[in-house]
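Here the structure is laid out as structure tokens; the discussion comes afterwards.
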Amino acid sequence: MSTNVNTLQNENCGNNLLKGKRGIIFGALNEKSIAWKVAEKAVAEGASITLSNAPIALRMGEINRLSEKLNAPVVAADATSVEDLTQVFEQSQQLLGGKIDFVLHSIGMSPNVRKGRKYDDLSYEFFEKTLDISALSFHKMLQVARKLDAIAEGGSIVALTYVAAQRAFTGYNDMADAKALLESITRNFGLLYGPEKGVRINTVSQSPTVTTAGSGVGGFDLFYDVADKMSPLGNASADDCANYCVTLFSDYTKMVTMQNLYHDGGFSTTGMSLAAMEQYEKSRLK
Ligand code: NAI
């Protein structure tokens, strides 16, 4: 991996950027999960949080370790269920003692990718599940939160996405379409929510990251390596992503909304890097 300029920042203790804030973190499965790192970082910055994940993920048990460590209650929810999401927002307000200041949507899954179905041979039943879990769940989350008036004035809501929403990437399959929809929902809900309560809604477009969901993409190791070589700062890690999310939850980014924010070491605006060319040259000479 290339030199990562942010490594030192990860050693930081908190700066109380989220002191007194209440948050809900969806999608911490195990300690590789981006949501796991965001949860740790948010608490280190002074927030109190609840954690949520699908019942099947909770049965795997790892989230209990995080819950104990962070003193963060867990509320189960299949993110495709409006009833479950209603429970999460109602219970979180009770448990944390007030309206919610920030929410992380860190949820994605494609049954087509899991079952190795190619983009020109998709199961449409699976495709609908991909869209429901990875994109519509964000709409459901926002609609539920707004109807319950669960978000505090000036609250911040962030979902994680990938640059395959803008550009075609081999192997990313129907997740690319799901991410495009996720980013569109972000803009359209941001337009509604902003004027009422100053609620901000953004997506963070993250580098390839070694997690359970990330590694599900075919040929991930090579994909990760090429992206690393094509990014002037190298791939951004899950810890780096957590740092960025914390700034978006903080009061320092109050006027940022409806944006797709690239957190990718410069990948998305690189045409061709020297490191990638040198690597290609080596393989050509073999
Ligand atoms: P992960 O596998 O740790 O997290 C995915 C989470 O989605 C898991 O906690 C899983 O239980 C949850 N989930 C799946 N179906 C659900 C459902 N029906 N209801 C509630 N939760 C459900 O992987 P990672 O990488 O941390 O993924 C988090 C987000 O980051 C996803 O949106 C992913 O697409 C995005 N992302 C990941 C990248 C990567 O290379 N790992 C790159 C860019 C974005």
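Whatever order the structure lists ligands and atoms in, that order sets their numbers, starting from 1. Residues: numbered from 1 along the sequence shown. Reckoned from all heavy atoms, side chains included, excluding hydrogens, waters and symmetry mates.
Of all heavy-atom pairs between Ser137 and Leu85, the closest is O-CD1, 4.2 Å. The heavy-atom pair separating Ala79 from Ile107 by the smallest distance is CB-CD1, 3.6 Å. Here the shortest heavy-atom pairing between Glu62 and Leu29 reads CB-O, 3.6 Å. Ser52 and Ala76 get closest at one heavy-atom pair: OG-C, 4.2 Å. Across all their heavy atoms, Asn202 and Gln259 have their closest contact at OD1-N, 2.9 Å.
Assignment of Lys179 to the shell around ligand 1 is supported, since a heavy atom sits closer than 4.0 Å. Under a 4.0 Å heavy-atom criterion, Ser207 is in contact with ligand 1. Using a 4.0 Å heavy-atom cutoff, Ala77 is listed among the residues neighbouring ligand 1.
With respect to Arg65 and Glu31, a salt bridge is recorded, a charged nitrogen being found less than 4.0 Å from a carboxylate O. Between Asp251 and Lys21 there is a salt bridge, with a side-chain nitrogen of the basic residue lying less than 4.0 Å from a carboxylate oxygen of the acidic one. Using a 4.0 Å cut-off between charged nitrogen and carboxylate oxygen, Lys229 and Glu278 do not count as a salt-bridge pair. Contact check on Lys99 versus Asp149 returns a salt bridge, with a Lys/Arg side-chain nitrogen under 4.0 Å from an Asp/Glu carboxylate oxygen.
The protein atom (non-hydrogen) at minimum distance from atom 21 (N) of ligand 1 is Asn53 OD1, 3.3 Å. Nearest protein neighbour of atom 5 (C) of ligand 1, counting heavy atoms only, is Ser106 O, 3.8 Å. Residue, atom and distance of the protein heavy atom nearest to atom 22 (C) of ligand 1 are Ile107 CG2, 3.6 Å. The protein non-hydrogen atom at the shortest distance from atom 2 (O) of ligand 1 is Ala213 N, 3.0 Å. Looking only at protein heavy atoms, the nearest one to atom 24 (P) of ligand 1 is Thr211 OG1, 3.4 Å. The nearest protein atom to atom 43 (C) of ligand 1, hydrogens excluded, is given as Thr161 O, 3.2 Å; this is a heavy-atom distance. Annotation: atom 40 (O) of ligand 1 to nearest protein heavy atom, Thr209 N, 2.7 Å. Protein heavy atom at the shortest distance from atom 37 (C) of ligand 1 is Ile34 CD1, 4.0 Å.
Close contacts of ligand 1 with Pro208, meaning ligand atoms under 4.0 Å from a residue heavy atom, involve 40 (O). Of all the atoms in ligand 1, the ones that sit under 4.0 Å from a non-hydrogen atom of Ala57 are 11 (O). In the vicinity of Gly27, heavy-atom distances shorter than 4.0 Å reach the ligand 1 atoms 4 (O), 6 (C), 8 (C), 9 (O). The ligand atoms of ligand 1 that sit less than 4.0 angstrom from a heavy atom of Gly214 are 39 (C), 40 (O), 41 (N). If you number the atoms of ligand 1 from 1 as listed, the ones under 4.0 Å from a heavy atom of Asp78 come out as 17 (C), 18 (N), 19 (N). The contact set between ligand 1 and Gln206, taken as ligand atoms under 4.0 Å from a residue heavy atom, comprises 42 (C), 43 (C).
Distances between N or O atoms of Met175 and those of ligand 1 include no value under 3.5 Å.
Cluster annotation: Val82 and Ile185 are assigned to the same hydrophobic cluster (Ile/Leu/Val/Met/Phe/Trp/Tyr, side-chain heavy-atom contacts under 4.5 Å, transitive).
The proximity of Leu160 to ligand 1, defined as any non-hydrogen pair under 4.0 Å, involves the side chain as well as the backbone. Contacts with ligand 1 closer than 4.0 Å are made by no heavy atom of Asn30, backbone or side chain.
Applying the salt bridge (charged side-chain N to carboxylate O under 4.0 Å, His left out) test to every pair with at least one member in residues 127-140, sequence neighbours left out, gives these pairs: Asp132-Lys140.
Taking the six-membered ring for Trp and the full ring otherwise, the centers of Phe138 and Phe189 sit at least 6.0 Å from each other.
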